[in-house]
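Below you'll find the structure, written out as structure tokens, and then a few comments.
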Amino acid sequence: MSEQQQAPRGTYDVLPGVAEHRARLVDGVAAPAFARAGYARIETPAFEHTELFARGVGESTEIVSKEMYTFTDQGERSLTLRPEGTAPVCRAYVEHGMHKLAQPVKLWYEGSFFRQEAPQAGRFRQFFQIGAEALGSDDPALDAEAIVLLARMLEAAGATGCRLRISSLGSSAERAAYSDQLKVYLRANEAALSADVRERIELNPLRAFDAKHEGTQAVMTDAPRLLSSISGEDRAHFDDVLALLTAAGVAYEIDDTLVRGLDYYTRTVFEFTSDRLGAQSGVGGGGRYDGLVELLGGPPTPGIGWAAGVERVLAVAEAAGAQPAAAAAADAYIALDAEADREAAFALACALRERGLAALIELGGRSLKGQLKQADRAGAKSLVILGGGRAAYDAAVKNMHTGEQRELNDLTKQDYIDRIAAELIA
RNA sequence: GUGGGCGUAGCUCAGCUGGUAGAGCUCCGCGUUGUGGUCGCGGCGGUCGCGGGUUCGAAUCCCGUCGCUCACCCCA
């Protein structure tokens with residue numbers, strides 16, 4: 001076993017059965033929902049220049065400081081497997097001059113992302129996300145639209161019972177001022193904090209709100225809150241988003257301890273969580289990032305987006321009782337023995353498929369009894385039997401449901417496919 | 001990186017205080033000299049994660065190591 005090859009730590013194989021589930025989430029639920037809301041699909045590379053994430057995501061984040069898969073290529077360029085999708089989409093927005101299009105530009109994507117973390121329930125090193133980014137407008141309706149989209153998508157996927165927590169981080173200036181205020185508070189209570197939080201007071205004090213450490217939580221109960229210091233336009237923007245969510249019938253909880261891990265967030269931040277998951281309860285989340293495009297060399301451009309974890313959405317759906325779909329049934333199974341004309345049987349299978357029928361042919365060298373079993377497993381509606389003492393192109397067609405079997409005689413090389421197909425369709 | 005749990009057939013697992021491996025499911029065949037889904041019988045399949053130690057003898061005890069998993073941290 002130890003010598004056997006296995007998938008790298010934190011990665012996994014999507015096996016048949018599960019693969020269909022995932023495809024249904026992306027192609028059956030997400031794609032149509034995005035299309036109805038005017039979001040266009042975009043695909044960006046699996047790796048980018050390291051600099052994009054260092055600047056876009058932020059040096060102080062856990063992701064950039066220790067979770068990136070970074071490598072140097074043959075041209076001595078530092079590249080990084082994308083750990084998230086917002087910075088790449090913003091890069092593409094700038095690179096392709098999308099700011100000259102009618103605004104806002106609404107984009108969505110699906111794909112794999114990479115972070116070098118210790119894997120655990122719901123957390124992988126290669127994971128899949130469905131994401132949305134809407135750039136070029138700071139209208140609160142854009143925020144609300146994006147949030148409603150995710151809320152409805154989760155329900156459609158069967159991931160019911162998720163909680164939506166929402167808050168506002170205000171402008172970056174307000175956030176900076178608040179950050180200083182919080183640092184002072186944390187230092188004053190340093191003794192009660194966990195070692196992790198203490199070490200991050202300077203780097204990212206907001207993170208303290210997330211800690212599960214008891215002493216830290218006690219301290220944070222009385223900590224100053226960013227939301228209460230937000231006023232003016234930012235406050236009005238937030239209130240507007242809330243009013244629109246209410247109008248759309250989406251329930252939310254205002255949570256002034258909500259912190260998002262990426263540096264670029266401003267104003268609206270939100271997160272959908274589920275108590276059906278393990279420690280990684282976040283199903284999807286995002287927020288507004290009004291300074292990011294400019295930071296990446298583009299014109300001042302507001303934006304909002306979110307990402308949802310495919311594995312987590314599916315996990316919630318499964319825990320909520322969403323049932324797997326039945327395997328696709330075959331229309332016909334072609335059974336043959338050693339004396340059957342192999343070429344005729346093969347040509348028949350190919351021809352039936354070209355006519356739109358799901359046709360399977362025996363490939364395992366089974367006994368006829370075994371072939372019947374296999375046809376049954378494949379859910380075949382009909383069985384076509386060749387050989388067994390019949391003339392070259394003659395065949396029997398058996399209805400697997402009723403057990404009824406009809407012999408087709410005097411078939412020729414010219415008409416056997418048509419006649420067998422006609423019998424199958426009848 | 002730190003801590004807990006676990007590593008025995010493809011899958012789920014049993015194997016007590018040491019005597020060199022079992023079950024169910026799956027798969028293949030037979031029972032039906034071609035005809036399935038039930039049932040019965042048989043078969044394929046394991047260097048018991050790996051390495052070392054104790055012992056006449058270890059899947060079973062000891063040490064080490066690797067892997068998986070859950071949690072902290074972080075986040076989708």
Side-chain angles (χ1 to χ4, degrees), chain A residues 1-12 15 57 61-67 83-86 110-131 150 154 159 162 194-197 199-200 204 207-208 210-214 216 259-262 271-274 277-286 305-316 333 335-340 362 364-380 382-390 396-405:
Chain A
M1 287 296 198
S2 67
E3 296 295 321
Q4 232 177 58
Q5 288 292 327
Q6 52 182 269
R9 186 170 168 76
T11 68
Y12 59 92
L15 299 176
V57 179
T61 63
E62 203 81 1
I63 291 175
V64 171
S65 64
K66 55 187 197 194
E67 295 176 359
E84 61 96 52
T86 301
E110 179 273 337
S112 55
F113 295 86
F114 309 84
R115 291 181 201 171
Q116 203 159 170
E117 303 181 81
Q120 66 182 74
R123 195 170 73 188
F124 307 89
R125 290 185 164 183
Q126 177 182 5
F127 55 99
F128 289 75
Q129 287 188 335
I130 293 171
L150 178 52
L154 291 174
C162 290
S194 75
D196 290 326
V197 173
E199 283 170 25
R200 272 198 300 270
N204 199 334
R207 223 44 85 51
D210 267 347
K212 292 177 186 174
H213 177 79
E214 268 184 42
T216 305
V259 182
R260 301 286 307 162
L262 287 65
E271 185 169 82
F272 285 83
T273 58
S274 170
L277 298 177
Q280 310 306 319
S281 60
V283 177
W306 52 256
V310 168
E311 295 85 357
R312 294 186 187 176
V313 172
L314 293 173
V316 175
Y333 193 95
L336 66 162
D337 62 13
E339 39 176 293
E362 170 62 16
R366 295 182 185 78
S367 64
L368 184 72
K369 179 173 178 167
Q371 295 185 50
L372 267 289
K373 275 185 87 141
Q374 180 58 21
D376 193 50
R377 276 192 290 254
S382 301
L383 182 76
V384 177
I385 306 172
L386 300 171
R390 291 182 183 77
V397 176
K398 178 186 175 84
N399 180 316
M400 293 293 281
H401 299 305
T402 64
E404 193 181 333
Q405 182 168 324

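Quick note on labels: first sequence line is chain A, next is B, and so on, each numbered from 1. Below, all heavy atoms of this structure are taken into account, side chains as well, without hydrogens, waters or symmetry copies.
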(request) Give the B/S/- string for nucleotides 71-76 of chain B, one per nucleotide from 5' to 3', where a protein heavy atom under 4.0 Å of the base yields B, of only the sugar-phosphate yields S, and otherwise -. (result) BBBBBB
(message) One character per nucleotide, please: for nucleotides 25-31 of chain B, 5' to 3', B when the base has a protein heavy atom closer than 4.0 Å, S when only the sugar-phosphate does, - otherwise.
(response) --SSSBB
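No contact: A/Gly364 has no heavy atom under 4.0 Å from any strand.
The CG atom of A/Leu372 sits 10 Å away from the C1' atom of B/G37 (whole-angstrom rounding). If you measure from atom CG of A/Asp337 to atom P of B/U33, you get 14 Å, rounded to the nearest angstrom. Rounded to an integer number of Å, the gap from CD of A/Gln5 to C1' of B/C66 is 14 Å.
Distance alone, capped at 3.5 Å, is enough to place a donor-acceptor pair between the A/Glu311 side chain and the A/Phe128 backbone. In this structure, the side chain of A/Arg312 does not engage the main chain of A/Gly284 through any donor-acceptor pair within 3.5 Å. When atom types are taken as modelled, the side chain of A/Glu62 and the backbone of A/Ser65 share no donor-acceptor pair closer than 3.5 angstrom. Side chain of A/Gln280 to main chain of A/Gly282: no donor-acceptor pair is present (N/O by atom type, distance under 3.5 Å, no hydrogens or angles). Put simply, the side chain of A/Thr11 never gets that close to the backbone of A/Gln126: no donor and acceptor are under 3.5 Å apart.
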(message) Show, in sequence, the C-alpha distance, side-chain angles and deciding distance for A/Arg390 and A/Glu339, and conclude whether the side chain to side chain contact (heavy atoms under 4.5 Å, CB included) test is met.
(response) CA-CA 9 Å; A/Arg390 291 182 183 77; A/Glu339 39 176 293; over 6 Å; no
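B/C61 and B/G19 are spaced 11 Å apart, taking the P atom of each and rounding to whole Å. When the C1' atom is used for both B/U17 and B/C75, the distance is 48 Å, rounded to whole Å. When the P atom is used for both B/U69 and B/U33, the distance is 50 Å, rounded to whole Å. Rounded to a whole angstrom, the distance from the P atom of B/G4 to that of B/C63 is 14 Å. Taking atom C1' in both B/A21 and B/G67, the straight-line distance is 23 Å, to the nearest Å. Comparing B/C28 with B/G18, their P atoms sit 42 Å apart, to the nearest whole Å. Remark: the separation of the P atoms in B/U2 and B/U65 is 12 Å, to the nearest Å. On the C1' atoms, B/C62 is 38 Å away from B/C74, given to the nearest whole Å.
B/A14 is unpaired under the Watson-Crick or G-U wobble criterion, no partner having all donor-acceptor distances under 3.5 Å. When Watson-Crick and G-U wobble pairs are counted only if both distances are under 3.5 Å, B/C6 pairs with B/G67. In this entry B/C72 has B/G1 as its Watson-Crick or G-U wobble partner, both defining distances falling under 3.5 Å. Pairing for B/U47 is absent, with no Watson-Crick or G-U wobble pair whose two atom distances lie under 3.5 Å.
How far OH of A/Tyr333 is from CG of A/Asp376: 11.5 Å, rounded to the nearest 0.5 Å. Atom CD1 of residue A/Ile63 and atom CG of residue A/Leu262 lie 4.5 Å apart, to the nearest 0.5 angstrom. Atom CD of A/Gln371 sits about 9.0 Å away from atom CD of A/Gln374, to the nearest 0.5 Å.
With its glycosidic angle more than 90° from 0, B/G51 adopts the anti conformation.
Nearest heavy-atom pair, A/Lys398 versus A/Gly403, reported as atom, atom and distance to 0.1 Å: NZ-O, 3.5 Å.
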